[in-house]
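Structure record follows, encoded as structure tokens.
Within every chain, numbering begins at 1; the chains are lettered A, B, ... in the order of the sequence lines, protein sequences first and strands thereafter. Only a predicted model underlies this, so the values are computations on that prediction, with no experimental measurement involved.
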Amino acid sequence: MQNKPLSFSVDIRLNQRRNLLNFDYSIVLTVFLLGLFGLAMIYSASGSFTLVLRQAMYFFLGVILMITAAMSNFRKMEPIYLNAVWIGFFFLVLVLILPNSGTTNRWINLGFIGFQPSELMRFLLPISAAAYLTRNPQIKLSDWIIVLVTTLVAFILVFLQPDFGTSAIVLLSGIMPIILSGLPWRFIIYSFLGGIGTLPFLWMSLMDYQKERIYTFISPQADALGSGWNIAQSKIAIGSGQFFGKGYMEGSQSQLDFIPESHTDFIFAVIVEEFGFLGALGLFLLYAFLIHRLLYVAKSSNSKFAKLVSATLSIILAAYITLNISMVVGIFPVVGMPLPFISQGGTALVVNMITIGIILSLRRTT
Amino acid sequence: MNNFSRERFKTGEEYSRALFFLSPFILLFSISLFQVLNLTLFQGDKYQTIAESNRIYQKPISPVRGFIYDRNGTLLAENIVQRDLYVTPAYIEDSAETILKLSNLLDVPYELLDESFSRGVKKVKKFDSFPLVKALNEEQIAKAKVNLDSISGIEVKATLKRYVLHEETLAHVLGYVGDISSEDIRRDKLLAELQNIQIGKTGIEKEFDYVLRGNPGIQTQERDVKGKLVRILDTQGAEDGKDIYLTIDQKLQDHLFKLFENRRGALVALEPKTGLVRALISSPSFNPNILNSIVDTDEVESLFSNKESPIFNRAISGQYPPASTLKPFVGLAAIENEVISWDKKIKDDGEFYVEGDPRPYRGWKENGHGRVDMRKAIAESSDVYFYNIAFDLTLAGIRPMLDSFGFGKKTGLTDFEANGLLPDKKWKLGYKGDFWFKGDTINLGIGQGYILATPLQLAMAYSGLANKGVIYHPQFIQPEDEKSFEPKKIAEIQLSDNKAWEKMEQALVDVISARNGTAHKVFDANSVVIAGKTGTAQIKSILPGKEYDAIRENPALRDHALFVGYGPVEDPKLVVAVIIENGESGSEVAAPIVKSAINFYTGGFDAE
């Protein structure tokens, strides 16, 4: 049993030169398109060149890390992946301990650069979980339980920040490897029902502003000048874009600051206002294509680890895309989630690009 | 454990499971796409409109309201700069703290500001401002300007407000202005397009609002979410209102207003030969500036709830029994219908009876005036004489003459005057549910009973006497050149004997000039010769067995005193109708005002 991985690595070493740059370029191209489009939209939404420059630097960093990750040998990386989760825990605890201004503790400031540990966790956790679950050919019940406990601890740490949206993502990112790795359906169903049972307790532990967001979603008119105003303005922006849009930098809703958080969470509204339904359709197709290609890795790989990691990370990415867009178009409550590769925000961009890089590396070595 | 290991991990299942758990997101993704389709294509036009209204702000540019002058060019109403303290709630972090600061700074009670603030917040949109303190005084302006920067969301804005110079004196003629109410818009849809502009609510301000108001301009601005101006898209300048010159003689008006001494009553003075109104008073009056710029709502409320109704324009809307001032017209009707001749005498022993009715119709003088002809009956105001001729004339004989002198219909001076009331059989059946009795006709003969007239109608009817039958359309707007002005005739009464006019005038001159005239008390050799008639309007009919002395203990039931007259008789320049409510004696309280008016106007002894 111990010899088997070794024999694989030998194989890979032999093919390394030939395979180093052999990855799915359509994915890379899509990510480039999205990232560059994002930079353009951030400029339109914020009008700040400084902001675009900073995001561009993150994008550049992301490209390097993505390519690096893509060229790596995931078999060799497995021990690192297995323990990567501790890095995530370290920062999650640190962010809670460090004094912070405001009501939420989400950021760690390294002086020149700030980042969100929760964003880091939602990609380190599934990788570690997948590595842990597949370290032996056969998965034991205790493995699943350990992963579950680890996930719940991570979830609670993020929830305490408090960050409802990301904590849900962290929960999903830890649970998906458990489910995908073959947890019997009855366990899944029991847990699902159990999860519903805890909803009232979850509701009670929500912060007032989080409850308000859900109220607002249920009845946006009730608070037309408060948080309902955000959704209303976002819908006005989208609707007024009509079929062809108002043109780049021509959206009155975004240029005159009627759209809240227009360069971060609500950037989709700016895109539709300025590029219309056509622009939205294009973006949807790009995202659908990206998820499709990423899932193809999970389908075609014959490595259990690769399947788990690529499937989980693809689902997380799909969740971000879907939840952000459905929030902006007003069919889902406002949860603070950025639109992958497009919203302004360094940590999310870099993490998403590393995610792509890792999935690419999984494909390359299949 | 054993049991568990049987359920082995199956290769390939992770992909199908991934698709299964991806499916809710795929569903949500599809719904989102449909929602984008719905918003952009199906509701795109609607949202396009909303987005435009978000962005575009139509800032009205207020026109300057026209000034009002009297016939001599004396300024009556102008506009003054008023500085108001405006507050934008969106920029205020702590409203309680801001209000406290302002309260100390401006020396205004906290509660007052707090109330004004919470009332205003409800009315405005997020980034709009509203006036918190109106009409700041000099000290407040100075203090506010120094400290304004330290308080966010506060600014001092200057607006033009209507200001009436002579305050109470001309209040009812000029009227007042105010903000456009929803009721105004219901009456005139075009008003909905005007913002931040005051419109006339009553009087000249209302009647000639379309002249005075001008047309507001519009600046089309693009504004950002904070209401900050981004750029100006278009500007259409305002067209200022035009000035108006009134026929009013402010000196005469001032002089007469003082004579009222705040007693309840009214006066109308106009030129019989042109219909130009020279003075119009309703007393007690009010200060229109209180309403032109409402600063203190309590003050306004007390104005409207005042029992003396200072806002009410008695001169054109007050309807009174004309009483004995109606007698000349009944007399002319009798002559015209040959019910009586000028020389025929009737015995007046103080009472008049209708056959078969034991109830006496009493004259004002207990034992009567003896044998009286028309001239004496007018001069002494014999009731019994007029009971007799009214009885003979019947309603059908009296009404046409009164109708041709304008009783019971609007004169056309303004849109807001009352009709008065010239009763007939149909009216009585309809409104009183009763038939017309002979007694009603007899009462009509002395101007009592159902008949009602406004002071304006009385002045107009007497202008007909002064002009020997011609009545001119009354007006407030001063013609550019009085000499070439051709007034519009509204009535031309023909009598079969033209001498009747002079004979009636002689009787009316006797009222003051003759020793036995009812108003001989005001006779003055220095005065111009005035023709006129006293009147004492009963408010409450005196029931048998009750004396007037008992009634008059309640001041509100005392008789109204009237006098209507014109002069100088040889060339009538002014006709004046005066009523003093509960003034009791026409000769004592009303006639002196008429005399003073005519003399003042014609440059007689009362003039300055």
Side-chain angles (χ1 to χ4, degrees), chain A residues 137-141 172 176 179-182 184 225 229 232-233 235-243 245-246 251-253 255-259 268 272-273 276-277 280-281 284 287-288 291 295 298-299 302 304 307-308 310-312 314-315 318-319 321-323 325-326 328-332, chain B residues 1 3-57 89-90 125-127 222-228 230-231:
Chain A
Q138 219 168 44
I139 303 168
K140 284 181 278 182
L141 183 61
L172 191 68
M176 281 327 289
I179 292 173
L180 298 181
S181 63
L225 290 181
W229 195 79
Q233 293 301 332
K235 283 165 84 170
I236 293 167
I238 291 169
S240 64
Q242 300 191 332
F243 193 74
K246 298 173 185 170
S252 64
Q253 286 284 109
Q255 300 306 322
L256 302 174
D257 299 336
F258 283 95
I259 304 175
F268 182 71
V272 188
E273 185 183 23
F277 175 73
L281 191 66
F284 271 74
Y287 275 130
I291 299 295
L295 273 177
K299 191 184 177 187
N302 52 20
K304 218 184 304 176
K307 277 176 183 288
L308 289 184
S310 59
T312 303
S314 305
I315 289 174
I321 295 164
T322 307
L323 294 181
I325 291 177
S326 55
V328 174
V329 300
I331 59 171
F332 200 77
Chain B
M1 193 64 198
N3 192 20
F4 178 68
S5 56
R6 247 183 271 129
E7 293 187 47
R8 292 283 300 271
F9 174 81
K10 294 176 205 132
T11 313
E13 205 184 334
E14 59 277 82
Y15 179 67
S16 56
R17 285 195 178 198
L19 287 186
F20 179 81
F21 286 97
L22 200 61
S23 57
F25 296 117
I26 294 173
L27 184 70
L28 201 55
F29 193 69
S30 311
I31 297 174
S32 295
L33 183 60
F34 183 77
Q35 168 77 341
V36 173
L37 187 74
N38 170 35
L39 292 175
T40 54
L41 297 189
F42 303 145
Q43 300 188 58
D45 289 335
K46 180 184 108 187
Y47 283 115
Q48 174 64 34
T49 312
I50 302 175
E52 279 302 289
S53 68
N54 261 349
R55 165 178 94 96
I56 303 292
Y57 181 79
K125 284 195 224 149
K126 196 174 187 185
F127 291 105
E222 183 175 67
R223 292 191 170 193
D224 69 10
V225 69
K226 291 188 172 164
K228 218 175 77 189
V230 177
R231 60 191 160 138

Residue part contacting chain B, namely of [X], when any heavy atom lies under 4.5 Å:
| X | result |
| --- | --- |
| I259(A) | neither |
| Q233(A) | side chain |
| V329(A) | both |

Would you tell me whether Q242(A) and D45(B) have side-chain atoms, one donor and one acceptor, within less than 3.5 Å of each other? yes

For each of N54(B), L41(B), L33(B), I50(B), tally heavy-atom pairs with chain A at distances under 4.5 Å, and name the one with the top tally. N54(B)

Highest number of heavy-atom pairs under 4.5 Å with chain A among L19(B), I31(B), L37(B), L22(B) belongs to L37(B)

V36(B), part contacting chain A, at a heavy-atom distance under 4.5 Å: both

Name the region of I26(B), side chain, backbone, both or neither, that has any atom closer than 4.5 Å to a heavy atom of chain A.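 Neither the backbone nor the side chain of I26(B) comes within 4.5 Å of chain A.
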
Measuring only between side-chain heavy atoms, which start at C-beta, is [X] closer than 4.5 Å to [Y]?
| X | Y | value |
| --- | --- | --- |
| S32(B) | F284(A) | yes |
| K304(A) | E14(B) | yes |
| K246(A) | Q48(B) | yes |
| L323(A) | L28(B) | yes |

Mind ranking L281(A), I238(A), I325(A) by heavy-atom pairs under 4.5 Å with chain B and telling me who comes out on top?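 Looking at each of L281(A), I238(A), I325(A) in turn, I238(A) comes out on top.
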
Checking Q255(A) against R55(B) for the side chain to side chain contact (heavy atoms under 4.5 Å, CB included) test, could you report, in this order, the C-alpha distance in whole Å, the side-chain angles of both residues, the deciding distance, and whether it holds? CA-CA 10 Å; Q255(A) 300 306 322; R55(B) 165 178 94 96; over 6 Å; no

Rounded distance (nearest 0.5 Å) linking atom CD1 of I236(A) with atom OG1 of T49(B):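 If we round to the nearest 0.5 Å, I236(A):CD1 and T49(B):OG1 are 10.5 Å apart.
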
Separation of F20(B) CZ from L180(A) CG (nearest 0.5 Å):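 It is 11.5 Å, given to the nearest 0.5 Å.
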
